[in-house]
2 protein chains.
Amino acid sequence: MLTKDEMDRVFAALSHSSRRDMLDLVRDKPGLSVGELASNFDVTRIAVMNHLKVLEEARLIVSERDGRSRRLYLNAVPIQAIYERWTDKFSAHWLDRMSLIKSAAEAAGKDTERTDE
Amino acid sequence: MLTKDEMDRVFAALSHSSRRDMLDLVRDKPGLSVGELASNFDVTRIAVMNHLKVLEEARLIVSERDGRSRRLYLNAVPIQAIYERWTDKFSAHWLDRMSLIKSAAEAAGKDTERTDE
DNA sequence: TTAACATGTAATTACATTATTACCTATAGA
DNA sequence: TCTATAGGTAATAATGTAATTACATGTTAA
């Protein structure tokens with residue numbers, strides 16, 4: 001279980017699409033270096049490092065030094081915690097109420113580009 | 001499945017802790033009015049409405065008019081989509097690599113205050 | 001119709017995040 | 001050593017988000 005503060009950091013980290021992309025890349029190439037990671041983005045290496053810092057402070061990415069480079073890895077623990085938050089706290093209720101919610105959505109005409117997804 | 005743009009809106013909406021709290025409240029009292037929701041927060045009603053707008057644009061909350069008030073409901077669909085993203089795209093890999101990731105984290109000494117060696 | 005109420009919009013200000021340039025540190029290998 | 005390389009830090013500019021006050025719209029009930 002994460003503290004409220006850790007939860008804040010994880011959600012803040014996930015709120016930027018480049019950072020979500022970074023998680024995808026590190027997942028696909030565990031042990032990727034900072035430079036290799038940065039080469040996948042249009043922004044500067046420094047911008048990527050700033051994002052990396054946010055991800056590391058949220059503990060979504062962990063790293064180990066390897067000579068003059070640094071190897072990056074995904075850390076699943078915070079994601080597991082979020083998964084548990086949603087499933088335990090939300091989904092258990094939400095699933096029970098799915099039909100109510102869906103009908104409410106349709107009645108409100110807010111969900112109308114596609115009435116069925 | 002959500003578009004990249006819809007995904008952006010959902011993560012952005014979830015990034016603010018007041019908005020996550022609002023989801024909890026609406027889940028617990030489906031059909032809650034805007035004013036009732038606002039009474040749970042220290043900020044102004046307008047600030048709450050701004051948050052509400054973000055949540056509605058992310059389709060995490062839907063609403064129906066009821067006379068001069070508005071009833072709010074949770075919409076589980078975007079959460080389901082995220083859940084599927086993480087589980088299909090991330091967790092399947094992450095779970096396979098848990099031990100690798102954990103040992104990497106410990107080697108880097110980034111994941112715990114305790115240096116267990 | 002009118003008063004009170006519930007909600008909504010606009011414009012502004014304060015604050016936080018993102019991306020940049022310039023500079024600094026540490027390592028591998030000729 | 002010296003130099004190219006990989007990474008890291010600091011300060012700042014540009015952009016985006018959050019919260020506010022003031023005003024506007026629409027609904028109920030007397």
Side-chain angles (χ1 to χ4, degrees), chain A residues 4-5 7-23 25-26 29-58 60-73 104 107-110, chain B residues 4-5 7-23 25-26 29-58 60-73 104 107-110:
Chain A
K4 191 163 163 44
D5 211 60
M7 192 73 104
D8 276 348
R9 277 196 286 273
V10 173
F11 277 110
L14 293 172
S15 72
H16 197 289
S17 99
S18 295
R19 285 193 293 260
R20 294 196 300 273
D21 293 343
M22 286 168 71
L23 292 182
L25 286 162
V26 172
K29 300 205 173 176
L32 197 73
S33 71
V34 173
E36 285 166 340
L37 179 65
S39 71
N40 290 277
F41 296 89
D42 289 341
V43 295
T44 63
R45 179 181 61 87
I46 313 305
V48 171
M49 293 230 319
N50 291 342
H51 283 308
L52 203 46
K53 191 182 177 194
V54 172
L55 288 165
E56 290 188 281
E57 282 172 355
L60 285 162
I61 283 185
V62 293
S63 66
E64 63 184 346
R65 280 219 136 273
D66 178 23
R68 65 182 159 183
S69 87
R70 214 172 117 212
R71 303 195 167 281
L72 304 173
Y73 303 92
K110 285 278 182 179
Chain B
K4 192 163 161 43
D5 211 59
M7 192 74 104
D8 275 349
R9 279 196 287 272
V10 173
F11 278 110
L14 292 172
S15 73
H16 197 287
S17 98
S18 295
R19 286 193 292 261
R20 294 194 300 273
D21 293 343
M22 287 170 71
L23 292 183
L25 286 162
V26 172
K29 301 205 172 175
L32 197 73
S33 71
V34 174
E36 286 166 342
L37 179 65
S39 72
N40 289 277
F41 295 89
D42 289 340
V43 294
T44 63
R45 179 182 60 87
I46 313 304
V48 171
M49 294 231 318
N50 291 343
H51 284 309
L52 203 45
K53 190 182 178 194
V54 173
L55 289 166
E56 289 190 281
E57 283 171 355
L60 285 162
I61 282 184
V62 294
S63 66
E64 61 184 349
R65 278 221 138 272
D66 178 23
R68 65 184 159 184
S69 87
R70 215 171 115 212
R71 302 196 167 282
L72 304 173
Y73 302 92
K110 285 274 181 180

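Letters A, B, ... are given to chains in the order of the sequence lines, protein chains preceding strands, and every chain is numbered from 1.
- When all heavy atoms of A:Ala58 and A:Val10 are compared, the pair lying nearest together is O-CG2, 3.6 Å.
- Per the geometry, CD belonging to B:Glu57 stands 12 Å off P belonging to D:dA18, to the nearest Å.
- Between the CZ atom of A:Phe41 and the P atom of C:dT18 there is a distance of 13 Å, given to the nearest Å.
- The distance from atom NZ of A:Lys53 to atom P of C:dT18 is 12 Å, rounded to the nearest whole Å.
- Phosphate proximity of C:dT18 to A:Arg19: present, with a side-chain N or O under 4.0 Å from OP1 or OP2.
- For the pair B:Glu64 CD and D:dT27 C1', the computed distance is 16 Å after rounding to whole Å.
- Position along DNA chain D of the nearest nucleotide to A:Asn50 versus A:Ser69 favours A:Ser69 as the more 5'-ward residue.
- For the pair B:Arg45 (side chain) and B:Val34 (backbone), a donor-acceptor distance under 3.5 Å is absent.
- For B:Asp21 and D:dA18, the CG to C1' distance is 15 Å, given to the nearest whole Å.
- Nearer the 5' end of DNA chain C, as judged by each residue's closest nucleotide, is the contact made by A:Ala12, out of A:Ala12 and A:Asp66.
- For a distance-only test at 3.5 Å, the side chain of A:Arg45 qualifies as a donor-acceptor partner of the base of D:dG8.
- Here A:Arg65 does not reach the OP1 or OP2 of C:dT27: none of its side-chain N or O atoms lies under 4.0 Å away.
- A residue-by-residue look at B:Leu52 and A:Ser18 shows that B:Leu52 has its nearest nucleotide of DNA chain C further toward the 5' end.
- In this structure, B:Ser33 reaches the sugar-phosphate backbone alone: every heavy-atom distance under 4.0 Å involves primed, P, OP1 or OP2 atoms, never a base.
- C:dA16 atom P lies 18 Å from atom NE2 of A:His16, rounded to whole Å.
- Under 4.0 angstrom from either OP1 or OP2 of D:dA19 there lies at least one side-chain N or O belonging to B:His51.
- Each of D:dG7, D:dA19, C:dG8 was ranked by its minimum atom distance to the side chain of B:Ile46; first place goes to C:dG8.
- The shortest non-hydrogen separation linking A:Ile61 to A:Leu52 is CD1-CD1, 3.9 Å.
- Note: CG (B:Leu32) to P (C:dA6) measures 13 Å, nearest angstrom.
- Phosphate proximity of C:dA19 to A:Thr44: absent, as no side-chain N or O sits under 4.0 Å from OP1 or OP2.
- Distance from the side chain of A:Val34 is smallest to D:dG7 among D:dG7, C:dG8, D:dA18.
- Distance, A:Asp8 CG to C:dT17 C1': 15 Å, rounded to whole Å.
- The line from CG of B:Asn50 to CG of B:Leu55 is 11.0 Å long, rounded to the nearest 0.5 Å.
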Trace of the side-chain hydrogen bond (donor to acceptor under 3.5 Å, both in side chains) decision for B:Glu36 with B:Ser39: CA-CA 5 Å; B:Glu36 286 166 342; B:Ser39 72; over 6 Å; no

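- When the side-chain nitrogen and oxygen atoms of B:Arg68 are compared with OP1 and OP2 of C:dG8, none of them lie within a distance under 4.0 Å.
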